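Working notes for the structure below.
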Amino acid sequence: MPLVRVMAVLLLLCALTACSSSDSDTVRGAADGGRLTIGIRFDQPGLAEHTLDGRFVGFDVDVAEYVAGQLGVHPSGITWRETTSATRETDLTSGNVDLVVATYSITDKRKQLISFAGPYFETGQDLLVRHSDNAITGPEALNGRRLCSVTGSTPAQEVKTRFAQAVQLVEYPRYPDCVTALLAGQVDAVTTDGVILAGYVMQNPELLKVVGKPFSTERYGIGLRKGDPEGQHAIDDAIQQMVTSGRWLDSLRANIGPSGYPLPAPPTVTER
Ligand code: GLU
């Protein structure tokens, strides 16, 4: 076929399909249709929880809804999908979700596969132990102990490499499994971000405590597919708007405040 005709056929195909493959790959493309599919956690009290009566509540939920709203998507246009520590990148790259708002630390390794907007929150890695335990005072005290973390999250390996080579790592798919194992005496500590751990203490204040000496900086970003700078900038603007409107602090006070976790200042948006 001569080149002109090939081009004409391609143009026609493009017009017929509205070039939908590339449009729906972008956040704007999805949002312009009034819908967004967002990957979120279902089991992190204060951050994102799927309640027994079917609602989604928490700071990450509020951030996701605010950003969706700024993109023109009403809460009724959001489809929530559960994502876990290990599946966040593939949930995005496979097209299973358009955005991930799930205590998702911005790291260079993850940025090879996906993009981040934000950050919208800063926290640090800490340890959750039994209330009666006064021996585990920090990550260095974990040699010979059993430490639980979640597959696909950054924290446990970090402890082993930086602080306690002789720690025994135990991995579960979800944090509540680690908390149950801690309460049952099957592990000695659980590690992840302080703000996540504070939510589990809130559920069992007589039995659990956070050591309270953060040993990393975790910057939470909103994950989106690579190659969508327009989407990234729109989300960055939405985050900034949430902060200046006061909704960011209102949501933190309502969702994280009750756990006693000290509320940080809003971070500077750097992923551009
Ligand atoms: N923020 C850390 C991460 O993205 C730990 C929390 C989590 O597993 O979601 O790996």
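Counting starts at 1 for both ligands and their atoms, in listed order. We count residues from 1, following the sequence as given. Fair warning: this is a prediction, and the values are worked out from it, not measured in the lab.
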Who passes salt bridge (Lys or Arg N to Asp or Glu O under 4.0 Å) against D108, sequence neighbours left out? none
Do me a favour and list the nearest non-hydrogen protein atom to atom 8 (O) of ligand 1 with residue, atom name and distance? S85 OG, 2.6 Å
First locate atom CG of L263, then atom CG of L252, and finally report the distance between them rounded to the nearest 0.5 Å. 5.5 Å
S85 OG to Y104 OH distance, which is reported to the nearest 0.5 Å: 10.0 Å
Can you name the atoms of ligand 1, numbered from 1 with element, that are less than 4.0 Å from a heavy atom of Y220? 1 (N)
Atoms of ligand 1 close to A102 [distance to a heavy atom under 4.0 angstrom, numbered from 1]: 9 (O)
Given that the side chain starts at C-beta and the backbone is N, CA, C, O, which of these parts of T192 lies under 4.0 Å from ligand 1, counting heavy atoms, or is it both or neither? side chain
I196 neighbourhood, listing ligand 1 atoms whose heavy-atom distance to it stays under 4.0 Å: 6 (C)
Atom 4 (O) of ligand 1 has as its nearest protein heavy atom R110 NH1, 2.9 Å
Here the gap from R88 atom CZ to S105 atom OG, rounded to the nearest 0.5 Å, amounts to 7.0 Å
Distance-only N or O hit between ligand 1 and S153, under 3.5 Å: no
When only distance counts, is Q44 in polar contact with ligand 1, meaning an N/O pair under 3.5 Å? no
Check each heavy atom of V150 against ligand 1 and say whether those closer than 4.0 Å belong to the side chain, the backbone, both or neither. neither
Sub-3.5 Å N/O-N/O distance, Y104 and ligand 1: no
Between R41 and ligand 1, does any nitrogen or oxygen pair lie at a separation below 3.5 Å? yes
Is the backbone N or O of T191 less than 3.5 Å from a side-chain atom of S149, with the two atoms forming a donor-acceptor pair by type? yes
For Y175, the atoms of ligand 1 under 4.0 Å from one of its heavy atoms are 5 (C), 6 (C), 7 (C), 8 (O)
Look at ligand 1 and say whether Q125 reaches it with a heavy atom at a distance under 4.0 Å. no
Residue-level breakdown please: for R174 versus ligand 1, do any non-hydrogen atoms fall below 4.0 Å on the side chain, on the backbone, on both, or on neither? neither
T154 contact mode with ligand 1 (heavy-atom cut-off under 4.0 Å): both
With R41 as partner, the option from V101, T103, I196, V61 fulfilling side chain to side chain contact (heavy atoms under 4.5 Å, CB included) is T103
Please determine whether any non-hydrogen atom of T123 lies less than 4.0 Å from an atom of ligand 1. no
On the 0 to 90° scale, with breaks at 30° and 60°, tag the F215-F163 ring pair as parallel, tilted or perpendicular. perpendicular
Decide yes or no for F56 and E65: does some side-chain heavy atom of the first lie under 4.5 Å from some side-chain heavy atom of the second? no
All pairs passing side chain to side chain donor-acceptor pair (under 3.5 Å) where residues 262-272 contributes a residue, at least two apart: K111-E271, R219-T270, Q240-R272
Could you check whether atom CZ of R247 has more than 12 heavy atoms from other residues, nucleotides or ligands sitting under 6.0 Å from it? no
